[in-house]
Amino acid sequence: MTDINKEWLEEEKRIERVLNELDQKLHSLKSKTGGLKEDIVDLRKHFWDDVTVNLADDKEAIETFASIKQQAEMLAERERSHKQFYSQVKKLLKVKESPYFGRVDFLEDGDQKAEAVYIGLSSFMDEKEERFLVYDWRAPISSLFYNYGPGPARYEVPGETVSGTIELKRQFLIRNGRLKAMFNTDMTIGDELLQEVLGQQANVRMKSIVATIQKEQNRIIRNETSRILIVQGAAGSGKTSAALQRAAYLLYRWRGRIESNQMLLFSPNLLFNSYVADVLPELGEENIQQTTFQEYLESNLKEAECETPFDQLEYCLTASESEADKNRMQAIEYKASLAFKSLIDEYVGFLSKGGLLFKNVSFRGKKIVTSAQIHDYFCSLGASGSLLQRIETTAKWLLSVLHKQEKSERKKEWALEKSGLLDQEEYANAYKQLQEERQFAENTFDDYEREQRLLINIIVEREFKPLRQAVKALGFIDFKGTYLQLFSDWGAAAALPDHWERICAHTRKSFRLEQIPYEDAAPYLYLKNQIKGVAKNTAIRHVFIDEAQDYSPFQLAFLKGLFPSSRMTILGDLNQAILPHSVQGQELLSENVFEGEKTETVRLVRSYRSTRDIVEFTMSLIKGGEDIEPFNRRGVKPTLTISDDHGEHHKKIASCIAALQGEGHKTIAVICKTVQECKEAFRHLEKYTALKLIDKETRVFQKEAVIIPVYLAKGIEFDAVIVYDVSKNRYARERERTLFYTACTRAMHELHLFSLGEESPFLDGVPNGLYIEKRE
């Protein structure tokens, strides 16, 4: 028997021993879980049997409530225990499928014999709880597997560095408890395992990558020193995957000190939220909070509709060379800058000196307090207190004015008339309220005048309640007018852009349409928060921002201010910047948004998602693409099919979809530039093949062929990608280059481009031989 066969048999026997231990633990846990479930059912069924209810006097009532509380606490404790046991059972069943994926034999300095350390999704000890059979991939000792090959190595534990030598490094592929493959390697992860994993079909949900974490990704995952960690990586380099494993690592590392609800992920769209929903549960952790920046804006800007970033992008992609369109593009660029944020900060100082605008406070169509009166009172407070203090004092004054007016309204005819028009239910509710307030003796209504007066009081108080609530919420401040006043001659000392006048005119006009343009949403909310003094969010301990290249410097600085106590992991790729305000320059944060913070940047240059053929093609589309390192997984070359006939164009695409499905590809995306193009493509292609149209409201998608705009495909991968129309009519302007690149880099195994007419000039820079051209 060869050494290799002997080692294989030894590893198989060990897997068998581990599985036996797992089965014993599962049996024990299931018996406990079943018993607890029976206890819970029994407690619920007979809850009141063990409770003596006696409310004869205060003492008996106290004893009764104590008995109920004791019974409820017992039930809650049983339910907590059942939940914990059930969670352990779930985790062990997951471990049973693939107990571990790595092994390092580590000889610690000073020891005589190396320890075989097996690494898997979670830790598992023998029956006596004396020895680890498997170490959790996040354990300190497991870092040896990711950071070193055979030779000198070390790992950190609290307060100590453990040094030694790795004598053996081995990787396993175990499926359903069976050893399928085994590799000895001197790399972090051998190409053999990566080839097997990356060659699989794409899934509609992202999966964990703990078995294939690379050294540079591990550096991201285990980083604990930087307040701001910036990950700048190529398409398909594993940025998002590493970030989610990082969240899992931090939850493990700081167990008991940080919970999943204290982490927040800003993702690019709703579809992406669904795509990454399984990663943390797969690792035995609860999902962290997820939102989009748009959702955050909309939840805080309810006074008007807020344009989405996708609607803004659609506008920019179809913009003409008209004066109005040029003005908006200039406005988008300036409002994305830190210079604009500085201008707003200066403007807040002007508001503090009396520049704040107010609304009239009216009741039943009549002004109680005019905006001018509110302004005069606010200014009369002087400049000694803060802006917020003077606003709060003004609100208290307005509430006192409302209180006086409320008393006055009780004597008016309308209140008397309304008291006589109450329906039966309203009258009953009013009567009940009067009884509760003990204004009458029980079951009597013998004082008609008093009854009517009290009913009038209730009616007037109810009518004034929304007004009081509005004042408490600072609704008397004209936030929109105050923001628009920024775009006027208020005496700014800051340097303004040359086209400031045109930006001002455009902003005043766009706000009259009752929709807040996307470029104004964050600045407008920032100004509101500066005026209202909104409390900072200190509950969130860690913020993840994905696709950060599509955030403006203003938006990133805004988020930094919202979460002053949080660490941040910021992920992006400048080559995939598609929004008009996207970060420019060679660095992801070129405007020094986080200046003064402890910041570290990690670059991921190796692309794993796509085959080498696709990566070599896509890296030729962008400046600096030569820095990207394709993983050596060969496939088929991308193709370009050029048609002049509209009908032939669609027949060829439909035929391509059918061929891809015949090859076994499950996730196929027809990627278009805009929503309008998606609708057009869907209308033509549905005649020939089954497709699903994806839009910004779509939250999940299945394993099927889809038509999707490129900006919704960001961060997602597909078995095969068809770019619907790569003609020069669609992709010619330089700002569309990253959009084109993003569409192409979604493909894992196959990429097919179709052009209705002459192809995009972006293909001119692609060397001959990197794709196959077909002309019809």
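Computed over heavy atoms, backbone and side chain alike; hydrogens, waters and symmetry mates excluded.
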Margin query: Let me confirm one number: the CG-SG distance from D695 to C678, rounded to the nearest 0.5 Å.
Written below: 9.0 Å
Note to self: A side-chain contact here means heavy atoms from C-beta on lying under 4.5 Å apart; do F558 and Y296 qualify?
What the structure shows: yes
Note to self: Testing the basics here: between K728 and P761, what is the closest heavy-atom pair and its distance to 0.1 Å?
What the structure shows: CB-CD, 3.8 Å
Next item on the list: State plainly whether the residues R634 and E616 are in salt-bridge range, i.e. N to O under 4.0 Å.
Entry: yes
Next item on the list: Would you please name every residue forming a ring pair (Phe, Tyr, Trp, His ring centres under 6.0 Å) with Y731, sequence neighbours left out?
Entry: F740
Notebook entry, point to check: Do the side chain of D325 and the main chain of S320 share a donor and acceptor less than 3.5 angstrom apart?
Noted result: yes
Next item on the list: To the nearest 0.5 Å, tell me how far Q555 CD sits from E519 CD.
Entry: 10.0 Å
Check: Does a side-chain heavy-atom distance below 4.5 Å link Y741 with F762?
Finding: no
Notebook entry, point to check: Are L264 and N537 close enough that some pair of their side-chain heavy atoms sits under 4.5 Å apart?
Noted result: no
Checklist line | Parallel, tilted or perpendicular: rings of H649 and F754 (30°, 60°) | finding: perpendicular
Margin query: For Q330, is there any backbone N or O sitting under 3.5 Å from a side-chain donor or acceptor partner on R502?
Written below: no
Note to self: Quick one, K774 with E759, criterion salt bridge (charged side-chain N to carboxylate O under 4.0 Å, His left out). Give me CA distance, side-chain angles, the key distance, then yes/no.
What the structure shows: CA-CA 12 Å; K774 303 175 184 178; E759 68 270 28; over 6 Å; no
Note to self: Within the structure provided, determine whether L753 and V723 are in side-chain contact (heavy-atom separation under 4.5 Å).
What the structure shows: yes
Notebook entry, point to check: Closest approach of F554 and P523, non-hydrogen atoms and distance?
Noted result: CZ-CA, 3.5 Å
Next item on the list: Taking all non-hydrogen atoms of both residues into account, name the closest pair between A304 and K480 and its distance.
Entry: CB-NZ, 3.9 Å
Checklist line | Reported CZ-to-CG distance for the pair F511 and L484, which is rounded to 0.5 angstrom | finding: 5.5 Å
Notebook entry, point to check: Hey, does Q294 have a side-chain heavy atom less than 4.5 Å from the side chain of P309?
Noted result: yes
Notebook entry, point to check: With respect to K714, which candidate in N269, D550, T745 satisfies the side-chain hydrogen bond (donor to acceptor under 3.5 Å, both in side chains) definition?
Noted result: D550
Item checked: Heavy atoms from other residues, nucleotides or ligands near CD of E303 exceed 12 (cutoff 6.0 Å) -> yes
Next item on the list: Tell me, with the steps shown, if K335 and T507 meet side chain to side chain donor-acceptor pair (under 3.5 Å).
Entry: CA-CA 11 Å; K335 291 171 183 176; T507 305; 2.6 Å; yes
Checklist line | Check: F487 main-chain N/O paired with R508 side-chain donor or acceptor under 3.5 Å | finding: yes
Note to self: Please determine whether side chain to side chain contact (heavy atoms under 4.5 Å, CB included) holds for the pair V766 and L621, giving the CA-CA distance in whole Å, both sets of side-chain angles, and the decisive distance to 0.1 Å.
What the structure shows: CA-CA 7 Å; V766 180; L621 296 172; 3.6 Å; yes
Check: Within the distance-only criterion (no hydrogens, no angle test), does the side chain of S655 pair as donor or acceptor with the backbone N or O of K651 below 3.5 angstrom?
Finding: no
Note to self: Please find the pair of heavy atoms, one from T292 and one from P268, that lie closest to each other, and give the distance.
What the structure shows: CG2-C, 4.4 Å
Next item on the list: Looking only at non-hydrogen atoms, find the nearest pair between F272 and S267 and report the distance.
Entry: CD2-CB, 3.3 Å
Margin query: If you define the side chain from C-beta out and look only at heavy atoms, does anything of N287 sit under 4.5 Å from P281?
Written below: yes
Margin query: If we count only N and O atoms by modelled type, under 3.5 Å, do the side chains of Q576 and Q549 hold a donor and an acceptor together?
Written below: no
Item checked: Heavy-atom pair of closest approach, residues A654 and L685 -> N-CD2, 4.2 Å
Check: Under 3.5 Å, side chain of D719 to main-chain N/O of K666, donor-acceptor pair present?
Finding: yes
Next item on the list: For side chain to side chain contact (heavy atoms under 4.5 Å, CB included), just list the numbers for L280 and S260, CA-CA rounded to whole Å, side-chain angles, deciding distance to a tenth of an Å, and then say yes or no.
Entry: CA-CA 10 Å; L280 287 172; S260 58; over 6 Å; no
Next item on the list: For S760 and L763, indicate whether the former's side chain and the latter's backbone hold a donor-acceptor pair under 3.5 Å.
Entry: no
Margin query: Regarding R683 and E680, does a basic nitrogen lie under 4.0 Å from an acidic carboxylate oxygen?
Written below: no
Check: Just by distance, do the side chain of Q232 and the backbone of R603 share a donor-acceptor pair under 3.5 Å?
Finding: no
Margin query: Let's go through F617 and S610 carefully: what are the C-alpha distance in whole Å and the side-chain angles of both, what is the deciding distance for side chain to side chain contact (heavy atoms under 4.5 Å, CB included) to 0.1 Å, and is it a yes or a no?
Written below: CA-CA 10 Å; F617 170 81; S610 308; over 6 Å; no
Checklist line | Nearest-0.5 Å distance, CD of residue E736 to NZ of residue K673 | finding: 3.5 Å
Next item on the list: Determine the sole option in F682, Y688, Y724 for which the ring-ring contact (aromatic ring centres under 6.0 Å, His included) test with H650 is passed.
Entry: Y724
Checklist line | S237 side chain to A234 backbone, donor-acceptor under 3.5 Å | finding: yes
Notebook entry, point to check: In Å, rounded to the nearest 0.5 Å, how long is the span from CD1 of I671 to CD1 of I722?
Noted result: 10.0 Å
Notebook entry, point to check: Under 3.5 Å, is there a donor-acceptor pair between the side chain of R733 and the main chain of L317?
Noted result: yes
Notebook entry, point to check: Any side-chain heavy-atom pair from E629 and V615 closer than 4.5 angstrom?
Noted result: no
Margin query: So, taking the atom named CD in E501 and the one named NE2 in H506, what distance separates them when rounded to the nearest 0.5 Å?
Written below: 15.0 Å
Check: Any donor-acceptor pair under 3.5 Å linking the side chain of S566 with the backbone of I540?
Finding: yes
Notebook entry, point to check: Within a radius of less than 6.0 Å around CG of D764, do more than 12 heavy atoms belonging to other residues, nucleotides or ligands occur?
Noted result: yes
Item checked: Close side-chain approach of Y483 to I516, heavy-atom, < 4.5 Å -> no
Margin query: Quick test of your reading: applying salt bridge (charged side-chain N to carboxylate O under 4.0 Å, His left out), list the pairs with at least one residue in residues 307-323, sequence neighbours left out, ordered by first then second residue.
Written below: E307-R328, D311-K696
Check: Between H499 and E333, does a side chain to side chain contact (heavy atoms under 4.5 Å, CB included) hold up when you go through it step by step?
Finding: CA-CA 11 Å; H499 39 271; E333 182 181 353; 5.7 Å; no
Next item on the list: Walk me through it: do Q217 and Y608 pass the test side chain to side chain donor-acceptor pair (under 3.5 Å)?
Entry: CA-CA 12 Å; Q217 293 168 335; Y608 298 98; 5.4 Å; no
Next item on the list: Count the heavy atoms belonging to other residues, nucleotides or ligands that lie under 6.0 Å from NZ of K679, then report whether that count exceeds 12.
Entry: no
